> 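Following this message is one structure expressed as structure tokens.
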There are 2 protein chains.
Amino acid sequence: MSLSYESSGVRYDQLDAFKRACQQAARTTANELTSHGYAEPATTRGESCYLMEAGDHYLAHVEEGLGTKNLVADVVYAQTGKCFYREIAIDTVATIVNDLITCGARPISVAMHAAVGASEWFTDAVRMQALVDGWAEGCHRAGAVWGGGETPTLKGIVHPDAIVLAGSAVGKIVPKTQRITGDVQDGDAIIFLASTGVQTNGLSLCRLIAERLPQGYQTPIGHGDGRTYGEALLAASAIYVDFVVKCQQAGVKLNYVAHVTGHGWRKLMRLEEPFVYEITEPRPIPALFQFLMEAGPIDLREAYATFNMGVGFAAYVAPSAVEATLAAAKAAGHEAWVAGKVKKDGTRKAVVIPSLGLEYSGDTLQVR
Amino acid sequence: MSLSYESSGVRYDQLDAFKRACQQAARTTANELTSHGYAEPATTRGESCYLMEAGDHYLAHVEEGLGTKNLVADVVYAQTGKCFYREIAIDTVATIVNDLITCGARPISVAMHAAVGASEWFTDAVRMQALVDGWAEGCHRAGAVWGGGETPTLKGIVHPDAIVLAGSAVGKIVPKTQRITGDVQDGDAIIFLASTGVQTNGLSLCRLIAERLPQGYQTPIGHGDGRTYGEALLAASAIYVDFVVKCQQAGVKLNYVAHVTGHGWRKLMRLEEPFVYEITEPRPIPALFQFLMEAGPIDLREAYATFNMGVGFAAYVAPSAVEATLAAAKAAGHEAWVAGKVKKDGTRKAVVIPSLGLEYSGDTLQVR
């Protein structure tokens, strides 16, 4: 029987109910923007990044967290002595700024939130410095300043040997025309940008699988990839800010972009307006994901509904903009390709991958 | 023997070493601001809020956390059925926006970070809704929009029945002359604004004390105050944004302000330049703090070095601005009084409270 993401203890239904209650209450505060000279755009709630509109720019704000990926680094560090906290810090910055850039906002400042269960966490100088260096590197890659942070000790809330890694970013869209609005059209091309691995997505399930493997994170993943399971999981996430910035600089209009995180490829239909997203060129399943599917086992349907399956970012553009979009991705150092097409089919909302026999309908993604 | 804050497991020396490493690395990213049209003001690092300077405004960014106060609410809820998560949410917003306002930046957007150990946390609808309602109320009190947030499940990092509450704020200073720069002068008056209780400060020690009391949080605090220990601890924090805004609107120049949080009254000397802060009118010790000192026991020196002792915010103003400052505090609904005087004494840096026989030298506060 296939492992599911719920079997790893994450219940999106309970979380999503809370998120909806938050969004409802948050909407009642929109009038507070007036005295600051801002207004809330009608369509910003429920997107990956919160926008505030002024006369000549949008201000953007996002709060995001790494999730449980650092637990993998902890076990690998204990077993092999190899510290991946530089990668973990880059992951955390990536998950913050990649959300911000989905609306076209360039991150200006990124702040760190690092909560430990015991202040002894920081006495390991190697790990501590790796975390610091990685955060700075993530900021450089994102073109943002590291604007402070918070490092509390939360005894009784956080496990004594663990750390909660999260943070926030402030950004701007100038000029306002560079906002990515969700102006998707029937016939738009779907451009995929490669991920570096699981990035920050599905780690609870990955950890459950590690517990069941006799060699745990030391298991070779095979399929032509020489890395161990732990090494492959801990590859630092890609940061997609440079891709969007290069598109903006080249005048390429991105009709919509999706940061493929929780809910896997179902995130491709994050846009509220119903479309059918037909993926004809899914990336050949990378070794790490083949390994995960076999080790779980995880069936194909659950795998694409949970993991990014080698695709970290998707952009929807007019057919005439495909070449320039691919060139921008290449200039920013990302592997990218035309993966499929957006189709209008009345009120039908779905992600379909015919070559894999997969289809996810809109009601499998409840994030608003 | 007096209980100390370190006895509750919080080691500021280890935390502060990490903070310094962060600040050093963060400084290397300052050049990233250039492409966004911002620059880093020379004196912003180490302040409570990070500022970025543009031609006609400062952009402000802060990330802050509640600490362990919600653990008190959890025990009180289990014992009495009374839910204080509305207050806990206000506390969290308060600790974020009070830091922002210390540099004169009005918070525009506040984002929530609520990380649980198990998604079941959200199935208690009363507690969940109280948290949501309190966050919205905190935003209203701060004059800020609730700009989204993040609510991850962190199994294996956060205890299954606990929640990490934190968040971030984006703000602005317009016009730039309203920045609170630390332009303190010999002879400035020290204005104190009352706190509502411990606010978000020293809770690890408060919890340790509760564990040692036969009636725990149900212990009456006495000293003319009819509340239990738990009720008194869980009074929602004051939000001081309105005080600073009223000063700005009235043209009152605040030379410096201090948000009295970790390190207690030692925070009064947060400004880098050395001064002696002489407190001649400390607030008569409120019942809750008298109770804490007796129950610990905690001696006077440790108490003032750990708790706010009834004072949540301090403003340093020219003698000619005292009346207008007090009027602004009153208009914003805060109890305020002239508590003492700032004195220049060469390179000496200290907080002195002659009537209590207390003196803290500058080397007891290592936050830079």
Side-chain angles (χ1 to χ4, degrees), chain A residues 9-11 14-15 17-19 21-22 25-26 28-30 32-33 35-36 38 50 52 59 61 63-65 67-68 71 108-109 111 113 115 118-119 122-123 128-129 132-133 136 139-140 143-159 162 164 166-168 170 204, chain B residues 9-11 14-15 17-19 21-22 25-26 28-30 32-33 35-36 38 50 52 59 61 63-65 67-68 71 108-109 111 113 115 118-119 122-123 128-129 132-133 136 139-140 143-159 162 164 166-168 170 204:
Chain A
V10 177
R11 291 281 305 275
Q14 291 166 353
L15 278 171
F18 175 62
K19 286 184 184 181
C22 286
T28 70
T29 65
E32 299 291 350
L33 287 172
S35 73
H36 301 284
Y38 285 95
Y50 181 71
M52 294 155 274
L59 189 59
H61 184 191
E63 175 86 30
E64 257 291 337
T68 56
L71 291 177
I108 301 171
S109 168
H113 183 240
S119 27
F122 297 111
T123 57
M128 186 266 260
Q129 195 60 48
V132 170
D133 293 345
C139 288
H140 281 302
V145 74
W146 178 354
E150 169 67 359
T151 58
T153 300
L154 303 180
K155 188 180 172 186
I157 296 179
V158 177
H159 288 297
V164 177
S168 55
V170 184
S204 297
Chain B
V10 177
R11 292 281 303 276
Q14 291 167 352
L15 278 171
F18 175 62
K19 286 184 184 180
C22 287
T28 69
T29 64
E32 298 292 349
L33 287 172
S35 73
H36 300 283
Y38 286 94
Y50 181 71
M52 294 155 274
L59 190 59
H61 185 192
E63 175 86 29
E64 257 292 336
T68 57
L71 291 178
I108 301 171
S109 168
H113 182 239
S119 27
F122 298 111
T123 57
M128 185 265 259
Q129 195 60 48
V132 169
D133 292 344
C139 288
H140 280 302
V145 75
W146 179 353
E150 169 67 0
T151 57
T153 300
L154 303 180
K155 188 181 173 185
I157 296 180
V158 177
H159 289 296
V164 177
S168 55
V170 184
S204 297

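What you see is a predicted model; the values in this text were computed from it and never measured.
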> For the residue pair B/Phe122 and A/Phe18, does the interplanar ring angle fall in the parallel (under 30°), tilted (30 to 60°) or perpendicular (over 60°) class?
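Taking A/Phe18 first and then B/Phe122, their aromatic rings lie parallel (interplane angle under 30°).
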> Distance check, rounded to the nearest 0.5 Å: A/Lys155 atom NZ versus B/Leu71 atom CG?
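Separation between the atoms: 11.0 Å.
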> Hey, does the side chain of A/His113 reach the backbone of B/Ser168 with a donor-acceptor pair shorter than 3.5 angstrom?
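Checked: no pair found.
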> Is it the backbone or the side chain of B/Ala21 that comes under 4.5 Å from a heavy atom of chain A, or both, or neither?
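B/Ala21 touches chain A through backbone and side-chain heavy atoms alike.
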> Any side-chain heavy atom of B/Val145 sitting closer than 4.5 Å to one from A/Tyr38?
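Not touching, per the 4.5 Å side-chain cut-off.
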> Considering only heavy atoms, which portion of B/Thr123 lies under 4.5 Å from any heavy atom of chain A: side chain, backbone, both, or neither?
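Contact with chain A is through the side chain of B/Thr123 alone.
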> Tell me, out of B/Ser35, B/Ala115, B/Cys139, who's got the most heavy-atom pairs with chain A below 4.5 Å.
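Highest number of pairs under 4.5 Å: B/Ser35.
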> Rounded to the nearest 0.5 Å, what separation is found between the CD atom of A/Glu150 and the CD atom of B/Glu63?
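Answer for the CD-CD pair, A/Glu150 versus B/Glu63, is 7.5 Å.
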> So which of A/Leu154, A/Val132, A/Ile108, A/Thr68 has the biggest tally of heavy-atom pairs under 4.5 Å with chain B?
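It is A/Ile108.
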> Does any non-hydrogen side-chain atom of A/Met52 lie less than 4.5 Å from one of B/Ser109?
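Yes; the side chains approach each other to less than 4.5 Å.
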> Sort out for me which of B/Pro152, B/Gly67, B/Ala111, B/Ala30 touches chain A most, counting heavy-atom pairs under 4.5 Å.
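Of the candidates given, the most pairs with chain A belong to B/Ala111.
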> What residue, out of A/Val164, A/Asp133, A/Leu59, A/Val170, has the most heavy-atom pairs lying under 4.5 Å from chain B?
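Of A/Val164, A/Asp133, A/Leu59, A/Val170, A/Val170 has the most heavy-atom pairs under 4.5 Å with chain B.
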> Return the option, out of B/Ala136, B/Gly156, B/Ala25, with the maximum number of heavy-atom pairs under 4.5 Å with chain A.
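With the most close heavy-atom pairs to chain A, the winner is B/Gly156.
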> Less than 4.5 Å apart, any side-chain heavy atom of B/Val158 and any of A/His159?
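Answer no - side chains too far apart.
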> Name the option with the most non-hydrogen atom pairs under 4.5 Å to chain A; the candidates are B/Gly149, B/Gly148, B/Ala144.
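The candidate making the most pairs under 4.5 Å is B/Ala144.
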